[in-house]
Structures are given as C-alpha cells and as structure tokens.
Colleague: 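Following this message is one structure expressed as structure tokens.
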Amino acid sequence: MTDAADSAPSDFIRDRIRQDLASGKVQQVVTRFPPEPNGYLHIGHAKAITTSFSIAQEFGGRCNLRMDDTNPGAEDQEYVDAIMDDVRWLGFTWDALYHAADYFDQLYAWAEQLVEKGLAYVDDQDAEQIAANRGTVTSPGTNSPFRDRSVTENLELLRAMKAGKFGDGEKVLRAKIDMAHNNLNMRDPVMYRIRHMHHARTGDAWCIYPMYDWAHGQSDSIEGITHSLCTLEFEHHRPLYDWFCDSLGIYKPQQIEFARLNVEYMLTSKRKLLLLVEGGHVDGWDDPRMPTLRGLRRRGYPPQALVAFARHVGLAKVNGTHEMALLEHFVRDHLNKHAQRRMAVLDPVKLIIDNWPEGQVELMQAQNNPEDPGAGTREVPFGKELWIERGDFMEHPPKDFFRLTLGREVRLRSGYFVKAEAIEKDAKGHITAIHCTYDPTTKGGNAPDGRKVKATIHWVSAQHALDAEVRLYEHLFTDPDPASADGGDFLKLLNPVSKQVGRGKLEPSLKEAKGGEFFQFERLAYFYCDHIDSKPFLPVFHRTVTLKDAWKKAQAKAK
RNA sequence: UACCCCGUGGUGUAAUCGGUAGCACAGCAGUUUUUGGUACUGUUGGUUCCUGGUUCAAGUCCAGGCGGGGUAACCA
C-alpha cells in the first residue's frame, strides 16, 4: 500500500482522540460497535466497524460489540448470530460482547432517580397526541397536561407501568426538558414505552422497554466508552445524550459523528434492501449483488479489501458517494496478490491443431501466481482439440487487434505457439472451428529462434474440460445513484442483466475447488467458488470483478 | 422558511501555532510483460463555493451571502 493514509490515518476523530489522550482526559481509548440486531450488516457497517475497531487498536484501547436490543418487536436472535459472524469475517475481535438488555435494571433504577429529581414524568397522552403536541421545526411544542404530576404520583405510575398494570401504549415515561427547545429531540423525549412482549434475552421480565436515547448513552457510560462514534444523523441526539448523563451525574462519553458510507450503484437503506429481497429481485440477503456483508462475501470480495477500502475513504463530516471503481481497486489489489490463476473459457469455440498427433496428451506446467512464486505450479493437460475464447479470434480484425486471425501466430498460455490456418463455418456463417498448426519447438511458450508473438491467449483441453456453472454479475442498478430515482422508484433502475448464469469450460484442476476459494480466470476476471451452492466436484463460480481490459476499453471508445 | 452540520481537481480525502495545495482512485501517454492483467514512469485537471475583512502571509481566522445535507417514530 503506497497510500500513507492507510498506515497512519489522519482525520478529525483521531485528532480529537490524540488531544484527549495528551490532555489526560482519557487514559485508554474504549470504543464500541452497537448494531441493532434487526437486519443484516452491509457495506456501510463495514466502515463503522473498521472505524471503531481500528481506532481502538491503533491507540492500544478496547472495542466492544454491543447488541442494541431495546426493541423486542424488531429484533431477532438470527441477526445477532449473523452480526457476530460478519464482524469476525471482517477480521475483528471484540474485547467484550454486551447487550443493552443487560442494563435494563440499571436503566430502570436511573429512571426512578430522574423522576425523583423532577426530571421525568409519566404521560397519559397517546402517541398521536404526543406527536401533535411536539410542535414542528418552526413552532414550539405544548406542554403535556400531565407534565406537572407530583414526584410521588410519577413514581407510583412508573412502578405500575413496570409492574404491568397498563396496556401497550397507555402511558410513557418522558424526560422533562423543554417543549419549546429548538432541537426536537429535547422536547420531552420518551424514555420508556409499554410493550407486553417477550424479549429474546430478558424473556418476560419486562413490559416497559427503553427508547434508543434513554439506553444508548447510558450503555456507553456503563461500559466506560471514551469515544462513542456514530453517523451524522445522530448529531441532534448528542445534546440529549449529554443531558441524560449530566442529569444522572454519571460518566459521560464523548459522542462524535462522522459521515456514513455511500457507494455508487449500492443501496444501504434497510427498507429498500428488504423490498429487493421480498420482491424477488435478488435471491435473498446473501445474493452476490447485495451490498450486505453476506452478499459481498458470496460475491468473492475479500474482507481485507473491504477493510482497506473503509480505512482509505477516511472520516469526515461531508456526505458523499464513493466511486465503485475505488472499491473494485481494493478488491483487485488484494486478489491480484492472493488469487491463484486458472484457465477457463466462457464463450468457447473449438481450436483444432492439425499437426498434433491424434490421441496425444501432454501435461503443461503452469504458474499458479506470477505475483507469488511461492504459490508454485500445476499441470494442465494439452491435446489436439482445445477450447479458446470466441473473442480471441477474428476473421477480419481491425489493425489494433493482435490476437488470433488467419495466418497469424499467437501463444497459447503455458503451451505452444499456434498459427491459424483455416476456419469451418455452419450454414449461417458462424465459425464452428478454427484449424491451426503448432510449432513443436515452442513448448512452454518460447521460440528457440527468439521470434515474438503479439498475443497470448488462454485455452482448455476439450477432452479434459470441466463443464461448470458460472454466474456473471454486474451492477444491480443501471444508475450510479439508485436512491434518488424519480419518485423514489428505484426498482425501475434495476439492471436486467445484473446476473447471467452460464456454463464454462474450465481447466480440470478446478474440479477440486472448494467453496470459499477464489481464483483468477486468466485474462477474464476473479471468480469465487460459492460456499453455498457448490457441491463436491461440482463447483459453482461467481464472478467477483473483471480484470481491467484495455482492449475492451479502446473498442468502446472507438464506437 | 426553525435549529444543527458541512462546502478543497471527475470521485474521495490531506495540509503542525495561519506560511503558499499533497495523496489515492479514475482519465491520458509511455516502458516492461508468456494475462491487452500486474508493475513502473510521465501527465491532464483545482480562481481551495462567493464577496468583503484581519495579516507580511488565509484552504486555514472573522463577517455576510450562496449551495448541499440532516432533523418533527411510543425505530435505532
């Protein structure tokens, strides 16, 4: 990595932390990643995770994973498990795993304290009345008629709420702050609501559940979080976060907000992602086209690439959108160094070597990874009939095409030089086979007389080829910014060819490919052996990202 | 028409106490190459949103504009 920012990131959050360390305000940095287990993690979370965990690592601190499970109606154990799995997959290890639900007793005790201080009250208004009396961004709210109940009455009512004396929605506990505050979050925010629901962690012990604002800062405080990092939309909550800690007189962490991650062609709204899944526009939450961590994993994006990307994009307060090309750069960068090379022909046409002895098979030595000599070599069978890529031959080529054409010699990668001599066509004029001759002195790919060829193409022995399913993926959307589709209808921006399933002729060694392995199919793209749909000796490959293709680009430009 | 946050090349970001705009990706050109990949080299592109002000000196400070984003769930 040549980018200095990747080894020593510099941003406003790290600056702040250095200050706090230097001033002695904090001794050891403690951060946390606090997802609500109500959905799957996506690429945006990868940035949040990388940020909090990396910062803790860099400053010799700790980072907790905390399930923000304060709303039993939305959460599920399945998500808790998936979240832990995804964080581990990214390569991070939490110092402690906590659940906001574990703090319910403490939270309740603090709530009574606030009531006793006259800073919280029980409100009998229903949700609609509360919303109506909150006012608007331009007009102040009005006090609840129940706002001035006595401490004694509030305490009795709160205890009755906790004891289950009321039905859902009948009463709430509210902080008593200022109904005219210009920050709507400060207009007597709801702290507890009544929900007679079973909680995955606390069972039926509670029928009142804390709201985010009443739980989050206090959870941070209990855990001794020094820097509570979150996204920009929580800026307006910071005054309330501070108010609760100050009113309680407890340790107050510093909340710092940064811009969330946006990437071209990707959506990270939970609601929109759900529409894609439920509408059958993708094959589930782990569809390789989804921006979920599980989807990206099946696409073949290495976690190291995601982390490198997240570190590179940095932390700032401006909401922007990153180019897909940047993400793909990190994916290619990692895969180039670590993916073994294989040969595969996805759009095959037969190449027949006329002067090759009938029935003879030779094993060619092929390098597994030119970027990593330690990866060794493998044997690839070579015979009289081979599959080559249809696009690697042109009968009437433009002058800048230097692959195979009649009368021209090219190199078969790790094989021999061959020269095209004739072609066979069907009734419609489609090429069905190309006849060529090979030079026996060029085994391995070099001519003893030193003559050069302009191109090297890949091939697979027809006799030995593995016929396997190959899934080609492209952007899910045709527009880089699907979120701002006309009328919000992002579904009409769906790319109709985002997934194409086909079969390819693969070199026989790929029969042994295991789910979870990734390869570079030379001259084409990086491919991931799917860990879900592959079966022993029946691998299924997902195209992760294509190789850069200067020829294709030049052609596109010529048009 | 309330409050909060923000405004640096196409994109994203950097620039100690204010010292004369850097990096990555993308683009372009070339070298190397048994992947038209990789690597390497060079290069285009910025009146640092605008206008004033303070200063020897402003992307950094101040004022006023303009522009963008966020906020009104018993969600997080």
Side-chain angles (χ1 to χ4, degrees), chain A residues 1-6 9-11 34-36 38-39 68-71 73-75 123 125-128 130-131 134-141 168-174 181-185 187 189-195 208-209 211-213 215-216 230 232-239 257 259 264 270 312-330 332-333 336-337 341 343 366-367 370-371 400-403 411-415 417 444-446 452-458 520-525 546-554:
Chain A
M1 213 64 36
T2 52
D3 183 6
D6 286 338
S10 172
D11 54 67
E36 180 188 16
N38 71 340
D68 215 346
D69 54 353
T70 58
N71 183 1
E75 296 141 14
D123 195 347
Q125 296 182 107
D126 62 28
E128 280 168 44
I130 289 178
R134 183 158 26 231
T136 69
V137 289
T138 52
S139 60
D168 288 1
E170 261 185 65
K171 289 188 167 32
V172 291
L173 180 72
R174 292 230 254 169
H181 200 109
N182 51 31
N183 178 342
L184 290 274
N185 289 128
R187 320 244 261 225
V190 172
M191 294 166 64
Y192 276 109
R193 75 282 219 183
I194 299 172
R195 285 266 191 292
I208 57 172
Y209 290 96
M211 298 288 290
Y212 165 83
D213 287 301
H216 200 87
C230 60
L232 251 29
E233 62 268 33
F234 290 100
E235 267 176 331
H236 316 264
H237 293 255
R238 180 157 28 95
E257 312 84 15
E264 287 180 343
K270 236 169 233 177
H312 178 91
V313 298
L315 298 169
K317 305 199 74 154
V318 249
N319 268 313
T321 301
H322 291 82
E323 290 176 336
M324 188 71 142
L326 184 64
L327 210 207
E328 293 184 334
H329 161 76
F330 285 100
R332 291 193 185 99
D333 189 55
N336 175 50
K337 292 174 192 129
R341 316 285 125 124
M343 289 196 283
Q367 240 191 319
E371 301 297 312
D400 53 349
F401 178 87
F402 43 84
R403 272 108 98 150
R411 172 167 42 232
L412 292 176
R413 171 123 243 220
S414 308
F417 281 12
N446 284 305
K452 301 288 183 195
V453 288
K454 204 75 193 293
T456 300
I457 65 175
H458 59 278
Q520 181 196 103
F521 288 179
E522 291 203 80
R523 303 207 306 129
L524 297 175
T546 61
L547 254 33
K548 286 193 188 170
D549 190 341
W551 164 241
K552 194 174 164 191
K553 195 202 279 184

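Excluded from the calculations below are hydrogen atoms, water molecules and symmetry mates; all remaining heavy atoms, backbone and side chain alike, are included. Chain A is the first sequence line, chain B the second, and so forth, proteins listed ahead of strands; every chain is numbered from 1.
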Colleague: Taking CD from Glu233(A) and P from G69(B), how many angstroms apart are they, rounded to a whole number?
Modeller: 15 Å

Colleague: Please state the C1' separation for the pair G52(B) and C66(B) - nearest whole angstrom.
Modeller: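 One C1' to the other, the span is 14 Å.
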
Colleague: Tell me: CG of Asp168(A) to P of C75(B), nearest whole Å?
Modeller: 11 Å

Colleague: Starting at atom CZ of Arg341(A), determine the distance to atom C1' of U33(B), rounded to an integer number of angstrom.
Modeller: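 Roughly 13 Å, once rounded to whole Å.
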
Colleague: Please confirm whether the shortest side-chain N or O distance from Thr70(A) to OP1 or OP2 of A76(B) is below 4.0 Å.
Modeller: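 It does, given that an N or O in the side chain of Thr70(A) lies less than 4.0 Å from OP1 or OP2 of A76(B).
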
Colleague: Over how many whole Å does the gap from Glu264(A) atom CD to G10(B) atom C1' extend?
Modeller: 10 Å

Colleague: Does Arg332(A) have a side-chain nitrogen or oxygen under 4.0 Å from the phosphate oxygens OP1 or OP2 of A26(B)?
Modeller: no

Colleague: Checking contacts here: which listed nucleotide (G36(B), A72(B), C75(B)) is nearest the side-chain heavy atoms of Arg403(A)?
Modeller: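 Nearest listed nucleotide: G36(B).
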
Colleague: Under 4.0 Å between a side-chain nitrogen and a carboxylate oxygen: does that hold for Asp168(A) and Arg195(A)?
Modeller: no

Colleague: Quickly work out the Gln125(A) CD to A73(B) P distance and round it to whole Å.
Modeller: 14 Å

Colleague: Side-chain N or O of Lys553(A) versus OP1/OP2 of C28(B): is the shortest distance under 4.0 Å?
Modeller: yes

Colleague: Nearest to the side chain of His312(A), heavy atoms from C-beta on, is which of U35(B), A26(B), G12(B)?
Modeller: G12(B)

Colleague: With no hydrogens and no angle check, do the side chains of Arg523(A) and His458(A) hold a donor and an acceptor under 3.5 Å apart?
Modeller: yes

Colleague: With a 4.0 Å cut-off on heavy atoms, is Tyr209(A) in touch with a base, just the backbone sugar-phosphate, or nothing at all?
Modeller: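 It contacts nothing in the nucleic acid.
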
Colleague: With side-chain hydrogen bond (donor to acceptor under 3.5 Å, both in side chains) as the test, would you mind laying out the steps for Asp213(A) and His237(A) before giving the verdict?
Modeller: CA-CA 7 Å; Asp213(A) 287 301; His237(A) 293 255; 2.7 Å; yes

Colleague: What are the two closest non-hydrogen atoms of Met191(A) and Arg174(A), and how far apart are they?
Modeller: SD-C, 3.9 Å

Colleague: The side chain of Thr456(A) is closest to which nucleotide in this list: A76(B), U35(B), G12(B)?
Modeller: U35(B)

Colleague: If you take atom types as modelled and just measure distance, does the side chain of His237(A) reach the base of A76(B) with a donor-acceptor pair under 3.5 Å?
Modeller: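 Pair found.
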
Colleague: How far apart are the closest heavy atoms of Asn319(A) and Ala259(A), and which atoms are they?
Modeller: OD1-CB, 3.7 Å

Colleague: Distance check: side-chain N/O of Arg238(A) vs OP1/OP2 of U71(B), anything under 4.0 Å?
Modeller: no

Colleague: Using atom P in both nucleotides, what's the gap between U44(B) and G10(B) to the nearest angstrom?
Modeller: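 My reading of the P atoms in U44(B) and G10(B) gives 15 Å.
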
Colleague: If you take all heavy atoms of Ala215(A) and Thr70(A), which pair is closest and at what distance?
Modeller: CB-CG2, 3.7 Å

Colleague: Using the aromatic ring of Tyr212(A) (for Trp, its six-membered ring), decide whether it stacks on the base of A76(B) within the limits of 5.5 Å and 30°.
Modeller: no

Colleague: Using atom C1' of each nucleotide, how far apart are C17(B) and U11(B) to the nearest Å?
Modeller: 33 Å

Colleague: Donor-acceptor pair under 3.5 Å: do we get one between Glu371(A)'s side chain and the base of G37(B)?
Modeller: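 Counting by modelled atom types and ignoring angles, a donor-acceptor contact under 3.5 Å is found here.
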
Colleague: On the side chain of Glu235(A), is there an atom forming a donor-acceptor pair with the base of U71(B) - under 3.5 Å, no angle test?
Modeller: no

Colleague: How does RNA chain B look in dot-bracket form if you count Watson-Crick and G-U pairs under 3.5 Å, write [ ] for pairs that cross, and put | where a base pairs with another strand?
Modeller: .((((((..((((.....[..)))).(((((.......))))).....(((((..]....))))))))))).....

Colleague: Classify the nucleic acid contact of Pro370(A) as base, sugar-phosphate or nothing, counting any heavy atom under 4.0 Å across all strands shown.
Modeller: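 Base, at least one base atom sits under 4.0 Å.
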
Colleague: Taking only the side-chain heavy atoms of Thr136(A) (C-beta and beyond), determine which of G36(B), A72(B), C74(B) contains the nearest atom.
Modeller: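 It is A72(B).
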
Colleague: So which nucleotide from U13(B), A76(B), C74(B) ends up closest to the side chain of Asn71(A)?
Modeller: A76(B)

Colleague: Mind checking whether Tyr192(A) and Met211(A) have side chains closer than 4.5 Å, heavy atoms only?
Modeller: no

Colleague: Look at the side chain of His236(A) and decide which nucleotide, out of C4(B), A76(B), G37(B), has an atom nearest to it.
Modeller: C4(B)

Colleague: When you compare U71(B) with A76(B), how far apart are their P atoms, in angstrom units rounded to a whole number?
Modeller: 16 Å

Colleague: Quick check for you: among U38(B), C74(B), A76(B), whose closest atom lies nearest to any side-chain atom of Lys548(A)?
Modeller: U38(B)

Colleague: Quantified in whole Å, what is the P atom distance between nucleotide U54(B) and nucleotide C23(B)?
Modeller: 35 Å

Colleague: Which value, in whole Å, describes the distance between the C1' atoms of nucleotides A26(B) and G12(B)?
Modeller: 11 Å

Colleague: Does the separation of the ring centres of Phe401(A) and Trp551(A) fall below 6.0 angstrom?
Modeller: yes

Colleague: Would the base of G37(B) count as contacting Glu522(A) through its side chain, where contact means a donor and an acceptor less than 3.5 Å apart?
Modeller: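 Flag unset: no donor-acceptor pair detected.
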
Colleague: Grab the NE2-C1' distance between His322(A) and G10(B) for me, whole Å please.
Modeller: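 Rounded to the whole Å, the gap is 14 Å.
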
Colleague: Report yes if at least one side-chain N or O of Arg187(A) is closer than 4.0 Å to OP1 or OP2 of U71(B); otherwise report no.
Modeller: no

Colleague: With a cut-off of less than 4.0 Å, is there a side-chain N or O of Arg523(A) near OP1 or OP2 of G36(B)?
Modeller: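 Yes, because at least one side-chain N or O of Arg523(A) sits under 4.0 Å from OP1 or OP2 of G36(B).
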
Colleague: Round to the nearest Å and state the distance from Arg174(A) atom CZ to A73(B) atom C1'.
Modeller: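 Atom CZ in Arg174(A) sits about 13 Å away from atom C1' in A73(B).
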
Colleague: Is a donor on one side and an acceptor on the other found under 3.5 Å between the side chain of Arg187(A) and the backbone of His181(A)?
Modeller: yes

Colleague: Any idea which heavy atoms bring Gly135(A) and Leu184(A) closest together, and the distance?
Modeller: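 Closest heavy-atom pair between Gly135(A) and Leu184(A): O-CD1, 4.5 Å.
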
Colleague: Looking only at non-hydrogen atoms, find the nearest pair between Ile457(A) and Arg403(A) and report the distance.
Modeller: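 Minimum heavy-atom separation between Ile457(A) and Arg403(A): CG2-CG, 3.9 Å.
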
Colleague: Give me, pair by pair, the N or O atoms of the protein and of nucleotides 47-50 of chain B that are less than 3.5 Å apart, along with how far apart they are.
Modeller:
none

Colleague: Starting at CD of Glu257(A), measure out to CG of Leu232(A) and round the result to the nearest 0.5 Å.
Modeller: 7.0 Å

Colleague: Which nucleotide in the set A72(B), C74(B), G36(B) lies at the smallest distance from any side-chain heavy atom of Phe402(A)?
Modeller: G36(B)

Colleague: State, to 0.1 Å, how close Leu326(A) and His312(A) come at their nearest heavy-atom pair, and which atoms those are.
Modeller: CD2-CD2, 3.9 Å

Colleague: Please check this pair: side chain of Asp11(A) against backbone of Leu315(A), looking for a donor-acceptor N/O pair closer than 3.5 Å.
Modeller: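 Answer holds: no.
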
Colleague: What's the gap between U55(B) and U43(B) when it is taken at their C1' atoms, as a whole Å value?
Modeller: 37 Å

Colleague: Check whether any side-chain N or O of Arg411(A) sits under 3.5 Å from a backbone N or O of Gly445(A) as a donor-acceptor pair, and report yes or no.
Modeller: yes

Colleague: The side chain of Glu323(A) is closest to which nucleotide in this list: U35(B), U11(B), C74(B)?
Modeller: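 Comparing U35(B), U11(B), C74(B) against the side chain of Glu323(A), the answer is U11(B).
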
Colleague: Measure CG/Asn183(A) against C1'/A2(B) and give the value in whole Å, please.
Modeller: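 About 11 Å, once rounded to whole Å.
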
Colleague: Does this structure show an ion pair linking Lys337(A) with Asp333(A), if we count only N-O contacts that are shorter than 4.0 Å?
Modeller: yes

Colleague: Counting heavy atoms from C-beta on, name the nucleotide in G37(B), A24(B), U11(B) closest to the side chain of Ala550(A).
Modeller: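 Looking only at side-chain atoms, Ala550(A) lies closest to G37(B).
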
Colleague: If I pick the P atom on G67(B) and the same atom on A72(B), what distance separates them, to the nearest angstrom?
Modeller: 24 Å

Colleague: Strictly under 4.0 angstrom, non-hydrogen atoms only: write out the protein contact profile of nucleotides 15-21 of chain B, one letter per nucleotide from the 5' end, B, S or -.
Modeller: S------

